[in-house]
Participant: 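Have a look at the structure that comes next, please.
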Amino acid sequence: MQPFTERVIGVIRGIPAGCVMTYGQVAAAAGSPRAARQVVRILHSSSAKHDLPWHRVVNKNGEIAIREEEGNYTQRLLLEEEGVTFDPAGRIDLSEHAHTPEEDMGFER
DNA sequence: GCCATGGCTAGTA
DNA sequence: GCCATGGCTAGTA
């Protein structure tokens, strides 16, 4: 497993229940601000194997990014169980629920 | 070549 | 709706 992948996994593990991070925020916290797409790939391919709180990562608008067949409803349910609320448009208020890592784990630049 | 982004234009109303 | 981005994996040699 490559260093960046490990860092991304570490960042995602650090998101507490009831909070979310965007793909871009995770990438930035892992030290590579433009690698949001890579975060997507990591979640897509290996979220299950690493026992990640995959449901706590959403897109820039605070929306669940996956489609119905991919588990959109499951993700919403998991978040709601943690106390995350959605507006009528299906968006999360990021100013309320966004997690900003305190230490940035030393990967910020 | 993948990918569950993100930031931008084009084009409709 | 288009396309640059980027770290990685699959698969060939």
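These numbers come from the heavy atoms of this one structure, side chains and all, not from hydrogens, waters or symmetry mates. Just so we're on the same page: letters track the sequence lines, and every chain starts at 1.
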Participant: Apply side chain to side chain contact (heavy atoms under 4.5 Å, CB included) to A:E70 and A:Q75, showing your working.
Facilitator: CA-CA 9 Å; A:E70 298 165 332; A:Q75 183 171 3; over 6 Å; no

Participant: Give me the atom names and distance for the closest heavy-atom approach of A:R56 to A:I15.
Facilitator: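 Residues A:R56 and A:I15, closest heavy atoms: NH1-O, 2.8 Å.
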
Participant: Hey, does A:L94 have a side-chain heavy atom less than 4.5 Å from the side chain of A:V20?
Facilitator: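 Yes; the side chains approach each other to less than 4.5 Å.
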
Participant: Go nucleotide by nucleotide along DNA chain B from the 5' end; which of A:T22 and A:Q38 gets its closest nucleotide reached first?
Facilitator: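 It is A:Q38 whose nearest nucleotide is closer to the 5' end.
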
Participant: With Watson-Crick and G-U wobble geometry limited to distances under 3.5 Å, how should the secondary structure of DNA chain C be encoded in dot-bracket form, using | for bases paired to another strand and [ ] for crossing pairs?
Facilitator: ||||.|||.....

Participant: Would you say A:R13 has more than 12 foreign heavy atoms packed within less than 6.0 Å of its CZ?
Facilitator: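 Yes, CZ of A:R13 has more than 12 neighbouring heavy atoms, counting only those of other groups under 6.0 Å.
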
Participant: Is there a side chain to side chain contact (heavy atoms under 4.5 Å, CB included) between A:I9 and A:L52? Walk through the geometry before answering.
Facilitator: CA-CA 7 Å; A:I9 287 173; A:L52 298 180; 3.6 Å; yes

Participant: Taking any heavy-atom pair under 4.0 Å as a contact, classify A:F4: base, sugar-phosphate, or nothing.
Facilitator: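 Result for A:F4 = sugar-phosphate.
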
Participant: For DNA chain C, which nucleotides open and close the run of contacts to chain A, 5' to 3', at under 4.0 angstrom from a non-hydrogen atom?
Facilitator: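 Contact boundaries, 5' end first: C:dA4 to C:dT9.
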
Participant: Would you name the heavy atoms of A:P101 and A:A29 that are closest together and state the gap between them?
Facilitator: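 In this case the closest contact between A:P101 and A:A29 is CG-CB, 4.2 Å.
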
Participant: As a quick check of understanding, evaluate side chain to side chain contact (heavy atoms under 4.5 Å, CB included) for A:H97 and A:T85, giving each step before the final call.
Facilitator: CA-CA 9 Å; A:H97 291 290; A:T85 56; 3.7 Å; yes

Participant: With heavy atoms under 4.0 Å as the rule, sort A:R34 into base, sugar-phosphate or nothing.
Facilitator: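 It contacts sugar-phosphate atoms only.
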
Participant: Could you go through A:E63 and A:V58, starting from their C-alpha distance and side-chain angles, then the distance that decides it, and tell me whether this counts as side chain to side chain contact (heavy atoms under 4.5 Å, CB included)?
Facilitator: CA-CA 6 Å; A:E63 299 160 334; A:V58 297; over 6 Å; no

